[in-house]
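See structure below.
The figures that follow rest on heavy atoms only: side chains count, while hydrogens, waters and symmetry mates do not. For the single chain, residues carry numbers from 1 onward in sequence order.
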Amino acid sequence: MAAKILANLIVMGSGIMIRAFAQAYRRALENASKNGVAQETIQNAVRRGSKAMSKQEARQILGVTEKSTWDEISQRYNVLFERNAKSGSFYLQSKVHRAKECLEALHTERGQGPV
């Protein structure tokens, strides 16, 4: 009999705790939306999620200018990629590759990209 009463108390207590937690969570969401925290959090997540390299960063990595032709970019890519393949780091090699991809998309849009 005591076990049954104890079990009922545990079940009722856990139900109350779950409802209180759900209500507190709802209020926290309401407060966050009022303060603009939710929108700011979403924007920060989007910024972190899109790790697209900027054109300026890509040019700096490859050491080229805005006026460089695709042949010059390709040549710099080959030199830097091979140099890092032999004695460099995989991280730098991947940065060089991402820089080439970024500029390749830019030059393809202009009709000057790889053939």
Side-chain angles (χ1 to χ4, degrees):
M1 181 78 172
K4 187 175 181 182
I5 293 173
L6 184 60
N8 281 337
L9 284 175
I10 291 173
V11 169
M12 287 174 38
S14 63
I16 291 170
M17 292 296 291
I18 289 172
R19 276 184 258 133
F21 178 76
Q23 185 179 12
Y25 185 73
R26 255 184 265 122
R27 284 197 182 146
L29 287 177
E30 288 172 10
N31 289 338
S33 65
K34 286 179 187 175
N35 295 334
V37 174
Q39 288 82 11
E40 184 179 329
T41 303
I42 290 171
Q43 288 173 350
N44 287 339
V46 168
R47 270 189 233 123
R48 279 189 225 122
S50 67
K51 295 183 179 181
M53 184 179 291
S54 70
K55 296 167 194 139
Q56 180 62 30
E57 183 183 5
R59 288 186 186 106
Q60 285 178 339
I61 289 171
L62 293 176
V64 295
T65 64
E66 291 182 26
K67 297 176 181 171
S68 297
T69 65
W70 176 249
D71 291 333
E72 293 169 341
I73 292 170
S74 180
Q75 184 179 10
R76 285 293 298 161
Y77 164 76
N78 290 333
V79 168
L80 293 171
F81 192 84
E82 288 302 318
R83 189 176 297 163
N84 283 299
K86 293 177 185 172
S87 61
S89 71
F90 178 73
Y91 173 76
L92 291 176
Q93 192 177 22
S94 66
K95 280 293 215 180
V96 168
H97 184 71
R98 296 291 172 239
K100 181 199 129 210
E101 286 181 338
C102 177
L103 294 178
E104 184 176 33
L106 178 66
H107 281 269
T108 302
E109 289 174 5
R110 293 181 184 169
Q112 304 167 351
V115 179

For the CG atom of Leu6 and the CE atom of Met1, what is their distance to the nearest 0.5 Å? 12.5 Å
Within a radius of less than 6.0 Å around CD of Glu72, do more than 12 heavy atoms belonging to other residues, nucleotides or ligands occur? yes
Carefully, step by step, assess Val96 and Arg83 under the rule side-chain contact (heavy atoms from CB on, under 4.5 Å). CA-CA 11 Å; Val96 168; Arg83 189 176 297 163; over 6 Å; no
Going only through I, L, V, M, F, W and Y residues with side-chain contacts under 4.5 Å, is there a path from Leu92 to Leu62? no
What closest approach, in Å, do Met53 and Cys102 show between heavy atoms, and which atom pair accounts for it? O-SG, 3.4 Å
OH of Tyr77 to CD of Glu82, rounded to nearest 0.5 Å, is 8.5 Å
For the atom pair CZ (Arg59) and OG (Ser54), what is the distance rounded to the nearest 0.5 Å? 9.0 Å
Using modelled atom types only, decide if a donor and an acceptor are shared between the side chain of Gln23 and the backbone of Ala20 within a distance under 3.5 Å. no
Value for CG (Leu103) from CZ (Arg76), rounded to nearest 0.5 Å, stands at 12.5 Å
As a quick check of understanding, evaluate side-chain hydrogen bond (donor to acceptor under 3.5 Å, both in side chains) for His97 and Gln93, giving each step before the final call. CA-CA 6 Å; His97 184 71; Gln93 192 177 22; over 6 Å; no
Rounded to the nearest 0.5 Å, how far does CD of Glu104 lie from CD1 of Ile73? 10.0 Å
Does the pair Glu57/Lys95 count as a salt bridge with the N-to-O cut at 4.0 Å? yes
